[in-house]
Amino acid sequence: MWGIDEKDRRVLIVDSSFQPYFYAVLEENEDPKQVYERIMNEKPRLPLIVNVELDRRKFFGEPVNVARIYCQDPDAIQKYAKVIRSVRGVKECLETDIRYSMRYLIDNDVTPCAWHEVDVKEEESIRGVQVDKVYSACSAPERIQKDDIPQLRVLSFFPICYASKGSPKPERDPVVIIAAVTNTDEKKVFTAKEYDDRDLMHSFIQYVKNFDPDIIVGYQTNQQYWQYLIERAVTLETSLLIDRAGTWPHRSVYGHISITGRASIDMFDFADELPELKVKSLENMTAILGVKNLKEQRIIHELEYSDFWDDEEKRKELLEFALEKAECILGIFEKMFIYASELSKLVGLPLDHIGKAAVGFRTEWYLIREAHKIGELTPERMEQPYIPYAGGMVLKPKPGIHENVCVLDFKSMYPNIMIEKNISPDTYVPPSKPEPDSRVNVAPEVGYRFRREPPGFYKIVLTKLISARDEIRQIMRKVDPSSLDYQLLDARQKAVKVITNAAYGYTGWIGARWFRKPVAEATAAWGRSMIMKSVEIAKELGLDIVYGDTDSLFIKYDPQKIETMIRRIREQLGLEIRPEKTYRRILFTEAKKRYCGLLPDGSLDNVGLEVVRGDWANVAKATQEHVLELILKENSVEKAVEFVKSLIRDLREHKVPYRDLIIWKTLTRPVEKYKVNAPHVETARILKRLGWDLTVGDQVGYVITQGSGRLYERVKPYALASYKEV
DNA sequence: AACTGTGGCGACTAGA
DNA sequence: TCTAGTCGCCACAGTT
């Protein structure tokens, strides 16, 4: 364990007492002691087994006999489990694929980014290990209540690779600049001697060693830059020793690059946490987080790096540019750090893994920890066929403009349905099984059964999450909103909310260990039935419903009747529904999931319309937004028409900024795999021909040039077109 | 040759 | 993590 102690010393604690293990689940009709003997008989073939213990656990809620098999070498577990599986009386082996490091954290309830107490003995420092103290653990670490954040040393860096032709290639092209900025206000720019980056690499490595950061941040470092630096170091036949243990950065789980003893964080991985961030560039993320306005940011396109480097005059600009980028990255880190560490604490994945782990894995690691606490075994991951199921219900909107519309929302609908009906992977009663004594809840439409008692795994976990969030929000009310404490609590409740919301989707994910399609399907079915029943209640009261989506109803405002409706829903359905907001005026088209409403504070709520989509040019989005404003706020269609006319004039006269004409789209597959000639695909093909590497997830920006013919025949990458031809 | 209708692809958002 | 839903564009067939 790499950590920081209360005196801000960097420490390494080695706990050699921990033994990795896995479980063998025993057949029900077998005598556990006999199976134990049979397992022990295998010992000569499996010499690394150190101990076998019999125990009781639960698997999908069913009590089972298990043998916990301790194995000296974690790498041998998979192989050993294979042998043990064939022992008579062993049904299956479980938890064989839980990494040793995670096993340690879970079993000792050690939480990353949190304070713990542990009895230690000081040890001699280990060669090549860069810490203040090395200890061995004499006790299991114990979590303590302490929220202070220690003084962390953070280093942000931004490299610039010279590209002689297309994308830079590490075996050919040097790293010409590395800008580094620290949270102690040090700024450094390392440069190559023309095209020789040997010294640059050495001095950067030396600098990192000297500053000894706890956290190294960058942008696109996991996918790009670390790999580049690694391969570059190999090409130059130098070493890249920048960690605290004398090893190279290495690729680890989820495609993350690990730096031993430090947390290596790629801020790009956190771009998904910001839904309003459409084009995931460093510039946009910097702007959206309020670190620096777009207009104040220097722009040098990747295409131009080599031109700037080759030209002595412009080279200075490139250096300043790199430094600015490193500063922006540090700024982004500071805005996101608290959230990242709260998420890490909640889920239990280390800070450097949490960003790269997809939502499904975050949810899963949270569940694995909770399962361990209640003696529930974690299922193995299994291949599942993909079969879709029916989800939420969307009501047809009444097109046109409506005045005073109130939105009623069910509070955490799916989680609360799962709690209320005890829907869980372990409470599901398959058709082949008889109805248990505890009786069952039967889902509407789909007919799946879930036993009512005892509380299922999901009910336990979701109840805990929901009440945790309520508690945090209670405390927040008493805290000064501008304080650090408030930020901390807010980040904490957001992290809890994300995991709570993902729980339903998780059970329907075919990659999930706890995948049970009936769980997801039944939850959605109950959701549909709830909303339909609510519509009935509203109709009985004579309320006018103009729209609804999954867990919400849009109703013409009528305070008394709405009050009655809320009460009836609580009494008859057992769920909480509440007024979320009221629109002064709202516009629906004939389409579902698309509308624009005017809120009491005068702001517009744009839902689903082009305004909020990332695949429209800025000029189109801004125009739609303004038109909606004129219609909803000023009630004037004429003004809107006039505005559009003047905009078209501006467009023809090239008065609209070039940047606003670019259309961005994401590549969802390798360029060769596309079946159609879509504009963004054609753009990608052009870039590829010029030597630029494009992979899945890359965003391409293009403009449509003047002329006639198909759009894909007229596209150009935005950096390669001139305004005149657009 | 120019238009119209339709099915499929692809990207993205709304809601949990 | 899931499903529901929209919309633009392309490709192709059929009509004017």
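Below, chains carry the letters A, B, ... as their sequence lines are ordered, and counting in each starts from 1.
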**Message:** Checking side chain to side chain donor-acceptor pair (under 3.5 Å) between A:Glu725 and each of A:Arg714, A:Gln706, A:Lys716, which is the one that passes?
**Reply:** A:Lys716

**Asked** Do A:Gln493 and A:Arg469 get their side chains close enough for a donor-acceptor pair, meaning under 3.5 Å?
**Response** yes

For residues 265-278 of chain A, which side-chain donor-acceptor pairs fall under 3.5 Å, sequence neighbours excluded?
unit_1	atom_1	unit_2	atom_2	d
A:Asp266	OD1	A:Gln220	N	2.7
A:Asp266	OD1	A:Phe268	N	3.0
A:Asp266	OD2	A:Gln220	N	3.4
A:Asp266	OD2	A:Thr221	N	2.9
A:Asp266	OD2	A:Asn222	N	2.9
A:Asp269	OD2	A:Asn222	ND2	2.8
A:Glu273	OE1	A:Tyr339	OH	3.3
A:Glu273	OE2	A:Arg362	NH1	2.9
A:Glu273	OE2	A:Arg362	NH2	3.2
A:Lys278	NZ	A:Pro275	O	3.4
A:Lys278	NZ	A:Val612	O	2.9

**Request:** Let me know the distance between CG of A:Leu277 and P of B:dT13, rounded to the nearest Å.
**Result:** 11 Å

**Message:** From CD of A:Glu580 over to C1' of B:dG15, roughly how many Å is that when rounded to an integer?
**Reply:** 13 Å

Could you tabulate the donor-acceptor pairs under 3.5 Å formed by side-chain atoms of residues 393-409 of chain A, not counting sequence neighbours?
unit_1	atom_1	unit_2	atom_2	d
A:Lys398	NZ	A:Asp544	OD1	2.7
A:His402	NE2	A:Lys398	O	2.7
A:Glu403	OE2	A:Arg585	NE	3.1

**Asked** Side chains of A:Arg449 and A:Asn441: is there a donor and an acceptor less than 3.5 Å apart?
**Response** no

**Request:** Could you tell me how the ring of A:Tyr547 sits relative to the ring of A:Phe554: parallel (under 30°), tilted (30 to 60°) or perpendicular (over 60°)?
**Result:** perpendicular

**Message:** Are the side chains of A:Pro112 and A:Lys345 in contact, using a 4.5 Å heavy-atom criterion?
**Reply:** no

**Message:** Just the rounded figure in Å: distance from C1' of B:dA16 to CG of A:Asp549.
**Reply:** 10 Å

**Complete:** By nearest-heavy-atom nucleotide on DNA chain B, the more 5' of A:Lys665 and A:Asp409 is A:Lys665

**Request:** Kindly indicate whether a cation-pi arrangement holds for A:Arg659 with A:Tyr718, taking the cut-offs as under 6.0 Å to the six-membered ring centre and within 45° of the axis.
**Result:** no

**Item:** Separation of B:dA14 P from A:Asn606 CG (nearest whole Å)
**Value:** 10 Å

**Request:** Looking only at side-chain atoms of A:Asp551, point me to the closest of C:dA11, B:dT13, B:dA16.
**Result:** B:dA16

**Message:** Output the rounded distance in Å from OH (A:Tyr458) to C1' (C:dT1).
**Reply:** 9 Å

**Message:** Does anything in residues 351-371 of chain A come within less than 4.0 Å of DNA chain C? Heavy atoms only, and list the residues if so.
**Reply:** A:Ala358, A:Val359, A:Gly360

When the side chains of residues 617-624 of chain A are checked against the rest of the protein, which donor-acceptor pairs come out under 3.5 Å, sequence neighbours left out?
unit_1	atom_1	unit_2	atom_2	d
A:Asn618	ND2	A:Asp660	OD1	3.4
A:Lys621	NZ	A:Arg613	O	3.1
A:Thr623	OG1	A:Val619	O	2.5
A:Gln624	OE1	A:Glu610	N	3.2
A:Gln624	OE1	A:Val611	N	2.8
A:Gln624	NE2	A:Glu610	OE1	3.0

**Asked** Taking C-beta and beyond as the side chain, do A:Cys596 and A:Val607 meet within less than 4.5 Å on heavy atoms?
**Response** no

**Prompt:** Is A:Val681 touching bases, backbone alone, or none of the nucleic acid, heavy atoms closer than 4.0 Å?
**Reply:** nothing

**Message:** Check this for me: does any side-chain nitrogen of one of A:Asp605 and A:Lys581 sit under 4.0 Å from a carboxylate oxygen of the other?
**Reply:** yes

**Request:** Measure the distance from NZ on A:Lys673 to C1' on B:dG10 and round it to the nearest whole Å.
**Result:** 16 Å

**Where protein sits on nucleotides 2-9 of chain C, one letter per nucleotide: B base, S sugar-phosphate only, - none, heavy atoms under 4.0 Å** = BSBSSSSS

**Message:** For a quick check of understanding: with a heavy-atom distance under 4.0 Å over all strands, which category does A:Tyr595 fall into, base, sugar-phosphate or nothing?
**Reply:** sugar-phosphate

**Prompt:** To the nearest Å, how far apart are A:Ile499 CD1 and C:dT1 P?
**Reply:** 11 Å

Provide a list of protein-nucleic acid N or O atom pairs under 3.5 angstrom, restricted to nucleotides 1-9 of chain B.
none

**Request:** Write down the distance between CD (A:Glu576) and P (B:dA16), rounded to a whole number of angstrom.
**Result:** 16 Å

**Parallel, tilted or perpendicular: rings of A:Tyr674 and A:His680 (30°, 60°)** = perpendicular

